[in-house]
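For ligands, and for the atoms within them, numbers begin at 1 and follow the listed sequence.
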Amino acid sequence: MFIFVTFLSLLSLSQIHADVTHPTLGPVYVSTNDSSLLNFTIIYPNDFRFDNLFIRFNIYDFVNNEKTNPQIYPFQWANFSNGNTSLPWVTPGAALIPGDYVIGCFQWVRTYQNNSILDDTHDCMLTRAPLNSTIPPIDQMNITASLVTNNTIMVQVYYPQTLPYDMVNITSNINGTLTPTTTNATSNVTFTNIQTFSFTNLMAETYYNVCIYTQYASSIDNTTYRLDTHCQSITTLTATPTLTPTPTPTPTPTSTVNSSYKMISNIMIIISMIIVAFI
Ligand SMILES: *[C@@H]1O[C@H](CO)[C@@H](O)[C@H](O)[C@H]1NC(C)=O
Ligand SMILES: *[C@@H]1O[C@H](CO)[C@@H](O)[C@H](O)[C@H]1NC(C)=O
Ligand SMILES: *[C@@H]1O[C@H](CO)[C@@H](O)[C@H](O)[C@H]1NC(C)=O
Ligand SMILES: *[C@@H]1O[C@H](CO)[C@@H](O)[C@H](O)[C@H]1NC(C)=O
Ligand SMILES: *[C@@H]1O[C@H](CO)[C@@H](O)[C@H](O)[C@H]1NC(C)=O
Ligand SMILES: *[C@@H]1O[C@H](CO)[C@@H](O)[C@H](O)[C@H]1NC(C)=O
Ligand SMILES: *[C@@H]1O[C@H](CO)[C@@H](O)[C@H](O)[C@H]1NC(C)=O
Ligand SMILES: *[C@@H]1O[C@H](CO)[C@@H](O)[C@H](O)[C@H]1NC(C)=O
């Protein structure tokens, strides 16, 4: 059995900035009491009130990047009643391995006096266990428009192997409707998903909104499910005139005048420099 030393704190919720409609996890910090522990913060709506509030959470430590067999630290319910103040942050006393990917999944249940449920909210946060008193960066998905021509857009997505989600589904479309002409999926040691979406037969010099939708979850806990949407505007290139049918355009008189004028002024600058040099 694990013994969890968990620091709880009771603070007025007015100190919590709240642009949310239900309790949500905020930023994760290294605990100021113990630099090997994480400090999960919680953001509450401004008008958050309850007869009873039950909070619990699980911390998953993905030891050795093993996606389906994390070390699980379950924490007991923390119960609050009759109020508007509760848990604004928590530093779970889990013996995390430094640098490991960690997911914290929280649940908030509000009930009325008669114990009927008012609402039941979940939120999970991906972070990493402190390494030398700092939280190492989380590897990011890489999205690159690898090819843009007058009629083709090719987008490549790299999903890092290190991220602890074993269920990942990446799809793409243009302007919300146009599906890729081809989708090529592969993987290697560094990336679980290397996906190439090709959109062909597009119009030249046209603005397209290319979106990548990434659905991901850990099968360990289905409340980890997320959908991330990344959209980028890409304009296809100008149609290049083909050589045979189009005659070579003759230079217009103005451009000739301009270029010879430039040449003359350049010569004059050189001449005046020579004059200056002789003075
Ligand atoms: C919590 O409720 C008390 C009593 O109703 C009130 O005085 C206080 O301002 C409330 N605090 C917040 C943060 O709304
Ligand atoms: C956790 O973070 C909150 C918000 O920044 C802070 O007020 C609190 O003191 C921190 N607690 C610990 C133990 O680090
Ligand atoms: C908190 O609430 C849960 C769920 O109702 C209950 O099982 C648990 O015993 C309560 N804990 C305490 C300390 O009251
Ligand atoms: C962490 O600190 C130790 C001892 O100071 C040092 O040897 C090690 O290189 C540091 N690791 C990182 C990732 O900074
Ligand atoms: C990730 O993106 C950057 C720029 O966005 C690029 O330079 C780099 O090559 C990409 N990495 C991979 C593995 O595609
Ligand atoms: C990914 O999600 C889409 C849309 O929900 C679905 O049609 C497709 O079958 C899924 N692909 C995989 C490999 O799960
Ligand atoms: C995996 O593929 C990416 C993109 O092609 C490449 O940059 C990376 O070096 C590859 N990793 C390995 C270990 O082959
Ligand atoms: C796109 O460019 C290619 C050559 O670069 C050309 O053959 C083709 O006709 C162009 N297509 C359009 C739609 O402009």
Handout entry: Side chain Y208, main chain M203, donor-acceptor under 3.5 Å
Key = yes
Exercise for the section: Please identify each residue that fulfils side-chain hydrogen bond (donor to acceptor under 3.5 Å, both in side chains) with N58, with sequence neighbours left out. Expected result: Y60
Practice task
Using salt bridge (charged side-chain N to carboxylate O under 4.0 Å, His left out) as the criterion, list what pairs up with D166, not counting sequence neighbours.
Solution key: none
Problem - Side-chain (T206) to main-chain (A204) donor-acceptor, under 3.5 angstrom - result: yes
What donor-acceptor contacts under 3.5 angstrom involve side-chain atoms of residues 21-28, with partners at least two apart or in another chain?
| from | atom 1 | to | atom 2 | distance (Å) |
| --- | --- | --- | --- | --- |
| T24 | OG1 | H22 | O | 2.8 |

Handout entry: Lys/Arg-Asp/Glu bridge criterion (N-O < 4.0 Å) met for D139, R128
Key = no
Handout entry: Modelled atom types, side-chain donor and acceptor of Y213 and N173, under 3.5 Å
Key = yes
Practice task
Determine yes or no for a side-chain-to-main-chain donor-acceptor pair under 3.5 angstrom, with S35 supplying the side chain and T32 the backbone.
Solution key: no
Exercise for the section: May I ask you to check if ligand 2 and T32 share an N or O to N or O distance below 3.5 Å? Expected result: yes
Exercise for the section: Taking atom types as modelled, find out whether T224 and S218 have a side-chain donor-acceptor pair closer than 3.5 angstrom. Expected result: no
Exercise for the section: Check each atom of ligand 2 against the heavy atoms of N39 and keep those under 4.0 Å away; list them by number with element. Expected result: 1 (C), 2 (O), 3 (C), 8 (C), 10 (C), 11 (N), 12 (C), 14 (O)
Handout entry: For I194, atoms of ligand 7 separated by under 4.0 Å from a heavy atom
Key = 2 (O)
Practice task
Report yes if some N/O of N33 lies less than 3.5 Å from some N/O of ligand 2; otherwise report no.
Solution key: no
Handout entry: ligand 7 atoms in contact with T190 (distance to a heavy atom under 4.0 Å)
Key = 10 (C), 11 (N), 12 (C), 13 (C)
Practice task
Could you tell me which atoms of ligand 2, counted from 1 in the order shown, lie closer than 4.0 angstrom to a heavy atom of S31?
Solution key: 13 (C), 14 (O)
Problem - Enumerated ligand 7 atoms positioned under 4.0 Å from heavy atoms of Y158 - result: 4 (C)
For ligand 3, list all ligand N or O to protein N or O distances below 3.5 Å, rounded to 0.1 Å.
| from | atom 1 | to | atom 2 | distance (Å) |
| --- | --- | --- | --- | --- |
| ligand 3 | 2 (O) | N79 | OD1 | 3.2 |
| ligand 3 | 2 (O) | N79 | ND2 | 2.4 |
| ligand 3 | 11 (N) | N79 | ND2 | 2.8 |
| ligand 3 | 14 (O) | N79 | ND2 | 3.1 |

